[in-house]
Amino acid sequence: MTRTRAVATVLLALLLAACEAPKPGPDILAPTEEQTKVRSYQTRTFDIAERQVAMRAVLGVLQDLGFIVERANEPLGLITAARFAEPNYNDIVAVTVTVRAVTAGQTMIRVNAIHNNRPVVEPEPYQRFFAALEKSLLLTRS
Amino acid sequence: MLASGACTTTAVVPAFELPPDSAQRRAAETRLFETRDANELLSASAAVLQDLGFHVEESVRELGFLRAAKERSAREHGQEIWRAVALILSFGKLLMPIALEQKIAATVVARPADAAGTRWEVRVAFYRVVWDGDGKSGDDYLAAGEQSMQVVRDPAIYQQFFAKLSKAVFLEAYTL
């Protein structure tokens, strides 16, 4: 009888332990190798002198891709946009684009995409975004 | 096996791919104006949207960007009839959620069409977000608040907007 009770207690303790929320590790804010890799997919430098030209091109691309631009801040070089991921109309893809001057004549553009609550870490979507942006820049310049 | 199956999420890669009809959409949503005054184009766009019942939510003059929205009821008689038919056919088991509220919004972007800034193009996109009410399927309660988004594709809506805009700025609107 006591043995059964002891087994039951141990089982209950195990079950309760499973309910405990996982604790964040000490390196929660430390950059990982993965993050550096993702950042390199998300970033590209263009030979554009003015931030405004780059931002207008980004706006154009986002419109071409069917995104709804939600917010833009020219002095800070920020653009936020979102769209429902067709054909599944309940999924949301949100992007934040930052445009910053690196050197005179060069502008760095970084895109962060989130699909629902999952950050997009695959390189392909970003490659496609930048390909479309290059096309748009050509159109703007001509 | 089951546990690991529960942990894997289906990775859906969002396509940043240009839709095949992007050139057509661009043409329908864009008009050219022969003017140097971008501010006038933008403020006239805001005025046209106001006339249509929208309120401006965001505006950035430096980028020629404007976002406006209006909220309206999304209830239609057709939906109520379908809901009643489904309820009868399922012997009272299925109470379909119907669209209750909708937000109709527009984003406007004005940008120079040439380097000298003598011609400006205005691109507008209309879309709507619909929120469903609650429902019931058997004993399961379907919570309210499901959203869906639709981009307005009807060219007539865009023609109307540009007709009003061109009247407001006393300029002809050229197609691309």
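Letters go in sequence order (proteins before strands), and every chain restarts at 1.
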Residues joined to A:V102 in its hydrophobic cluster, side chain to side chain under 4.5 Å directly or through other members, sorted by chain and number, are A:M108
Ring-plane angle category for B:F16 and A:F129, please: parallel below 30°, perpendicular beyond 60°, tilted otherwise.
perpendicular
Between CZ of A:R128 and CG of B:L18, what distance do you get to the nearest 0.5 Å?
10.5 Å
Applying a heavy-atom distance below 4.5 Å, give me the residues of residues 123-132 of chain B that approach chain A, sorted by number.
B:R123, B:Y127
Tell me the residues of residues 80-91 of chain B whose non-hydrogen atoms fall below 4.5 Å from those of chain A, in number order.
none
Check the hydrophobic clustering (I, L, V, M, F, W, Y; side-chain heavy atoms under 4.5 Å; chains of links allowed) and say if A:V58 and A:Y41 are grouped together.
yes
According to a hydrophobic-cluster definition based on side-chain heavy atoms being under 4.5 Å apart (Ile, Leu, Val, Met, Phe, Trp, Tyr only), do A:L78 and A:V69 belong together?
no
Flag if over 12 foreign heavy atoms under 6.0 Å of [atom1], [X]:
| X | atom1 | value |
| --- | --- | --- |
| A:R100 | CZ | no |
| B:K70 | NZ | yes |
| B:Q24 | CD | no |
| A:N117 | CG | no |

Give the table of side-chain donor-acceptor pairs shorter than 3.5 Å for residues 49-64 of chain B, with sequence neighbours excluded, one pair per line with atom names and distance.
| unit_1 | atom_1 | unit_2 | atom_2 | d |
| --- | --- | --- | --- | --- |
| B:H55 | ND1 | B:A69 | O | 3.1 |
| B:E57 | OE1 | B:R67 | NH1 | 2.6 |
| B:E58 | OE1 | A:R71 | NH1 | 3.2 |
| B:E58 | OE2 | A:A72 | N | 3.4 |

B:T107 and A:Q63: CA distance, side-chain angles, deciding distance, side-chain contact (heavy atoms from CB on, under 4.5 Å) verdict:
CA-CA 9 Å; B:T107 56; A:Q63 282 187 315; 4.2 Å; yes
Quick check: do A:R56 and B:P112 have side-chain heavy atoms less than 4.5 Å from each other?
yes
Is chain B contacted by the side chain of A:V95, its backbone, both, or neither, given a heavy-atom distance below 4.5 Å?
side chain
